[in-house]
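Every chain is numbered from 1 and lettered A, B, ... according to where its sequence line falls, protein lines coming before strand lines.
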Protein chains: 2
Amino acid sequence: MSPSDVEATPARAPSKAPTRKGENTRNQILETALRLFRERGYDGTTMRAVAEEAGVSLGSAYYYFRSKEHLIQAYYQRSHDEHLQDCSGRLGSERDLEARLLLVLRSKIDTSAPYHRFAGQLFRTASDPDSPLSPFSEESLPVRRQATELLQRVVEGSDAKVTPTLAQELPGLLWLYLMGIILFWVHDRSTECVRTYRLIDRTTELVVRVIGLASMPLLRPLVKSAVVLTTELRRLATPDHLGEALGEEAP
Amino acid sequence: MSPSDVEATPARAPSKAPTRKGENTRNQILETALRLFRERGYDGTTMRAVAEEAGVSLGSAYYYFRSKEHLIQAYYQRSHDEHLQDCSGRLGSERDLEARLLLVLRSKIDTSAPYHRFAGQLFRTASDPDSPLSPFSEESLPVRRQATELLQRVVEGSDAKVTPTLAQELPGLLWLYLMGIILFWVHDRSTECVRTYRLIDRTTELVVRVIGLASMPLLRPLVKSAVVLTTELRRLATPDHLGEALGEEAP
DNA sequence: TCCTTGTTTTGAACGCGTTCAATATTGGGA
DNA sequence: TCCCAATATTGAACGCGTTCAAAACAAGGA
């Protein structure tokens with residue numbers, strides 16, 4: 001994965017190697033923006049404020065980030081990196097699927113906590129299908145793939161027996177499940193987001209139980225239908241001309 | 001339900017009965033807005049254009065609609081009314097649950113077709129939890145309740161046997177299911193939205209099968225857990241101080 | 001040294017959603 | 001009839017995201 005894959009995408013990509021000068025300015029703007037997002041939320045953060053606090057002009061901010069929304073793409077990557085770092089180590093010592101899943105989900109909420117308000121306003125623009133920020137969009141694919149890979153590790157590193165039919169689609173399904181949890185979380189107004197954590201506890205148990213039941217002969221056709229369905233869902237994410245799959249190679 | 005419940009909510013509510021004059025202007029603005037939404041999409045429709053084409057000043061538009069987003073609330077109501085009218089009649093002659101569900105879902109997509117592009121951009125602002133336009137928000141409650149009532153009719157008018165535990169929560173769950181379908185639909189770029197219709201066909205079959213299976217003794221605890229979960233979900237929709245339930249009285 | 005080519009930076013300007021103080025228009029009571 | 005409070009209507013102004021032509025700067029080649 002090239003370093004400039006997601007982090008460094010200047011509005012007008014410099015023809016070859018990015019200069020040292022521009023790199024610094026870019027980082028300056030990005031760090032300032034993420035800080036202001038945390039402090040003031042998305043709407044509360046104006047591009048003018050970002051530029052000013054970063055010590056550059058308004059135009060410069062737009063030179064490095066095509067739009068305010070493109071700053072969010074950088075947030076996705078940052079958020080995932082922190083998530084990965086937070087749970088990656090602890091994942092090694094645990095074999096139980098439910099425990100592994102719990103660990104990863106809780107970690108996501110933990111690490112995202114400072115951005116709670118921000119993430120709420122985020123989901124607005126993010127769920128516009130035309131927006132490059134939709135978690136389903138092509139532009140979000142790199143981060144989405146990374147996240148799916150993490151969930152694949154969760155399953156494969158566990159001692160759970162998973163029906164082959166299901167195993168193939170499970171990481172993608174779990175990613176959808178994670179999206180659902182996040183959707184709940186951004187709406188969650190309870191103190192310390194206790195409801196979200198409660199939801200995670202309950203649904204994880206449920207999910208693991210369902211995965212177990214999936215091997216019952218009686219339920220086989222139902223599982224089959226459900227799996228076929230995900231194909232349809234995935235085709236939605238990628239426009240007709242792309243044959244991309246969701247997270248196929250392991251690290 | 002008072003006539004001015006949702007349709008007529010002037011920014012500064014007139015103390016008593018709304019005057020005839022204002023009523024006309026309001027309708028003029030609303031009709032113009034909905035037309036422009038259809039023709040140009042949400043972003044393509046400026047408040048200035050709405051005002052101009054409606055033959056009033058910009059300020060007047062804001063006198064009747066607190067914000068551009070509040071025009072959407074009116075769209076929700078309109079959309080539901082059209083949906084209801086479209087499927088209400090045909091619903092009487094059918095007893096099979098799957099057929100009834102299919103009918104209602106397809107009808108929703110059919111009647112929403114002219115607003116496809118608009119609805120896409122809509123979901124952006126709609127999924128901001130702080131926005132009064134969130135389908136989960138307090139302000140959307142009247143329409144949400146009406147929609148849930150329709151789904152209740154779908155179930156109760158059918159000859160399907162539903163576990164009592166489930167029966168209570170089913171309309172709310174089906175509403176969530178409908179939201180999911182709509183979410184798919186707004187992302188659907190296929191011609192004539194054939195994918196959405198295919199999705200409806202497949203998922204409806206699945207949903208009905210699951211409802212049937214729910215009575216299996218083996219699955220009882222799982223169903224119980226799932227139903228308990230919905231309580232948590234609903235509590236999310238309504239902030240702490242409200243004890244509101246979702247669709248309790250039949251028409 | 002100066003010119004050249006490409007990168008970086010700037011600030012003014014545009015169109016938008018929104019607010020608001022001021023004005024015009026009602027309609028009912030004296 | 002005239003007056004007055006409630007209702008309707010107006011347009012200028014604000015702050016925002018975004019665009020863009022122009023200027024400043026960097027680095028090599030002559």
Figure out the [atom1]/[atom2] separation between [X] and [N], and round it to whole Å.
| X | N | atom1 | atom2 | value |
| --- | --- | --- | --- | --- |
| A:E69 | D:dC16 | CD | P | 17 Å |
| A:I29 | C:dT9 | CD1 | C1' | 10 Å |
| A:H70 | D:dT19 | NE2 | P | 11 Å |
| A:R48 | C:dA12 | CZ | P | 11 Å |
| B:E52 | C:dC16 | CD | C1' | 15 Å |
| B:L36 | C:dC16 | CG | P | 13 Å |
| A:D43 | C:dT18 | CG | C1' | 14 Å |
| A:R66 | D:dC20 | CZ | P | 13 Å |

* To do: Compute whether any side-chain donor of one residue and acceptor of the other, for A:Y177 and A:T204, lie under 3.5 angstrom apart.
  =>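 Looking only at side-chain atoms, A:T204 and A:Y177 do form a donor-acceptor pair, the distance falling under 3.5 Å.
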* Residue pair B:Y197 / B:D188, side-chain donor-acceptor N/O under 3.5 Å -> no
* To do: Answer yes or no: is there a side-chain heavy-atom contact under 4.5 Å between A:R117 and A:R38?
  => no
Between [options], spot the one nearest the side chain of [X], thanks.
| X | options | answer |
| --- | --- | --- |
| A:V56 | D:dG17, C:dT10, C:dT19 | C:dT10 |
| B:K68 | C:dT9, D:dA8, C:dT18 | C:dT18 |
| A:M47 | D:dA13, D:dA8, D:dG17 | D:dG17 |
| A:Y62 | D:dA8, D:dT19, C:dT18 | D:dT19 |

* **Touch class at under 4.0 angstrom, heavy-atom based, for A:T46 against every strand present** =>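 Answer is sugar-phosphate: A:T46 comes under 4.0 Å of backbone atoms only.
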* To do: Take B:S60 and A:G59, find for each the nucleotide of DNA chain D with the closest heavy atom, and name the residue whose nucleotide sits nearer the 5' end.
  =>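 Its nearest nucleotide lies further toward 5', so the answer is B:S60.
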* Does B:Y63 make a side-chain N or O approach to OP1 or OP2 of D:dT10 shorter than 4.0 Å? -> no
* Residue closer to the 5' end of DNA chain C, A:L58 versus B:S67 (nearest nucleotide) ->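 That would be A:L58.
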* A:F37 and A:Y115: aromatic ring centres closer than 6.0 Å? -> no
* Asked: Yes or no on side-chain hydrogen bond (donor to acceptor under 3.5 Å, both in side chains) for A:K68 and A:T45, after CA distance, side-chain angles and deciding distance?
  -> CA-CA 10 Å; A:K68 193 181 176 184; A:T45 302; over 6 Å; no
